[in-house]
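Beneath this line is the structure, given in structure tokens, with notes to follow.
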Amino acid sequence: MADRQGQFITFEGVEGSGKTTQARLLVERLQADGRTVVQTREPGGTATGEYIRDILQHGRSGETLCAEAELLLFSASRAQLVTQVIRPALQRGEWVVCDRFFDSTTAYQAYGHGFDVDKVEIIHGFAVGATVPRRTFLLDIAVPESLRRMQRRNAEQKTAPDRFEREEIAFHEKVHAGYHALARRDPRRIRVIDATCPANEIADRIWEELEDVRTCTG
Ligand code: T5A
């Protein structure tokens with residue numbers, strides 16, 4: 001399939017909006033369509049990134065991570081992922097499907113924690129350069145429903161809520177509103193998808209929304 005080029009697709013949304021589920025379903029469809037796909041996630045996706053994820057989610061040092069350090073750790077994980085995984089895959093003509101990317105930092109650290117959006121975006125530019133997603137799916141679900149999903153999953157899997165899931169509901173609402181502000185600003189890249197339908201219906205919608213990208217050759 002020499003006439004096909006790789007594309008960079010990301011999934012975004014609040015906790016439990018179904019990003020991991022939809023990333024997996026999209027990868028399966030792309031592979032069935034003959035594409036070579038790299039599936040990855042943030043924070044993480046490299047050995048360094050997974051160490052950083054552990055620090056961010058579980059705070060093993062016992063110290064309270066200051067908000068500035070948190071933002072830079074997310075960005076450090078991303079820079080490593082772009083350099084080591086995403087950019088090389090795109091250069092080989094492969095597709096990359098990533099569960100969260102820089103919009104998460106804008107939504108959580110800027111809109112959620114109050115850092116200046118413009119300054120945060122300067123850090124994104126430093127971390128990723130020109131490696132920007134071609135399309136981003138914002139899985140849209142009301143915060144109370146998303147938190148119910150996470151509680152249900154934690155109960156089923158007997159896992160404790162992580163540091164982010166324990167944030168106040170008001171924080172998650174700010175993140176939700178932040179995502180919508182980003183989608184309004186960049187509607188060509190960021191497509192808002194109703195995440196409350198059955199998973200297969202959402203996957204169908206995403207597939208349709210990717211038609212122009214799938215058929216793009218140049
Ligand atoms: N973070 C991350 C930042 O603050 N800044 C950043 O820059 C970045 C990159 C990462 C945390 O870090 C923060 C955000 C996060 O708090 P994470 O594990 O990547 O954590 O993110 P989560 O959103 O918590 O990921 P989850 O895997 O927990 O949720 P998903 O991926 O959105 O949802 P998924 O697919 O795992 O599904 C959750 C549950 O819902 C069910 C699933 O079966 C599962 O039980 N489900 C559905 N139920 C009904 N209908 C559907 N359509 C469903 N789809 C899935």
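The chain is numbered in sequence order, starting from 1. In listed order, ligands and their atoms are each counted from 1.
- At least one donor-acceptor pair closer than 3.5 Å links the side chain of Ser75 to the backbone N or O of Leu71.
- Considering each of Glu15, His124, Arg100, Arg153, the one bringing a non-hydrogen atom nearest atom 28 (O) of ligand 1 is Arg153.
- Remark: Glu68 CD to Ile123 CD1 distance equals 9.5 Å, nearest 0.5 Å.
- The shortest separation from a heavy atom of Gln22 to ligand 1 is not under 4.0 Å, leaving the residue out of contact.
- Cluster membership for Tyr108 and Ile190, using ILVMFWY side-chain heavy atoms within less than 4.5 angstrom, is shared.
- The shortest separation from a heavy atom of Arg24 to ligand 1 is not under 4.0 Å, leaving the residue out of contact.
- Close approach of ligand 1 to Gln109 is summarised as follows: ligand atoms under 4.0 Å from at least one heavy atom of the residue are 3 (C), 4 (O), 5 (N), 6 (C), 7 (O).
- Within the listing of ligand 1, atoms 6 (C), 7 (O) sit less than 4.0 angstrom from a heavy atom of Thr105.
- Nearest-residue assignment for atom 46 (N) of ligand 1 (options Met150, Lys19, Arg149, Gln57; heavy-atom criterion): Arg149.
- At least one heavy atom of Cys197 lies less than 4.0 angstrom from ligand 1.
- Of the heavy atoms in Ile202, only side-chain atoms (C-beta onward) come closer than 4.0 Å to ligand 1.
- When Arg53, Glu12, Glu201, Glu42 are checked for heavy-atom proximity to atom 17 (P) of ligand 1, Arg53 turns out nearest.
- Judged by the shortest distance from any of its heavy atoms, Arg152 lies outside the 4.0 Å radius around the atoms of ligand 1.
- Atoms of ligand 1 lying under 4.0 Å from at least one heavy atom of Ala199, given by number and element, are 52 (N).
- A salt bridge is absent between Glu156 and Arg153; no separation between the charged side-chain nitrogens and carboxylate oxygens falls under 4.0 Å.
- Between the CZ atom in Arg24 and the CG atom in Leu26 there is a gap of 11.5 Å [rounded to 0.5 Å].
- For atom 55 (C) of ligand 1, the choice among Val14, Thr20, Thr21 with the nearest heavy atom turns out to be Thr21.
- Polar contact check, Phe101 against ligand 1: no nitrogen or oxygen pair lies under 3.5 Å apart.
- Linking ILVMFWY residues whenever their side-chain heavy atoms come closer than 4.5 Å, directly or via other members, leaves Ile9 and Leu81 in distinct clusters.
- Judged as a ring-ring contact (aromatic ring centres under 6.0 Å, His included), and not counting sequence neighbours, the contacts of Phe137 are Phe11.
- Residues Tyr51 and Ser77 have side chains that never bring a donor and an acceptor to within less than 3.5 angstrom of each other.
- The salt bridge (Lys or Arg N to Asp or Glu O under 4.0 Å) analysis of residues 49-59, with sequence neighbours excluded, yields the pairs Arg41-Glu50, Asp54-Arg60.
- One side chain, Thr10 or Thr136, offers a donor N or O that lies under 3.5 Å from an acceptor on the other.
- Residue contact check: Gly16 has heavy atoms under 4.0 Å from atoms 23 (O), 29 (O), 30 (P), 32 (O), 33 (O), 38 (C) of ligand 1.
- In this comparison of Phe74, Phe171, Tyr108, the heavy atom closest to atom 2 (C) of ligand 1 sits on Phe74.
- Counting atoms of ligand 1 from 1 in the listed order, those under 4.0 Å from a heavy atom of Arg78 are 7 (O), 9 (C).
- Residue-ligand proximity, Ser17 to ligand 1, at heavy-atom distances under 4.0 Å covers atoms 32 (O).
- Side-chain atoms of Glu12 and Ser104 include a donor-acceptor pair closer than 3.5 Å.
- Ligand 1 does not have Glu70 within reach: every non-hydrogen atom of the residue lies 4.0 Å or more from it.
- The closest side-chain donor-acceptor pair between His124 and Thr105, if any, does not fall under 3.5 angstrom.
- Assignment of Gly13 to the shell around ligand 1 is not supported, since no heavy atom sits closer than 4.0 Å.
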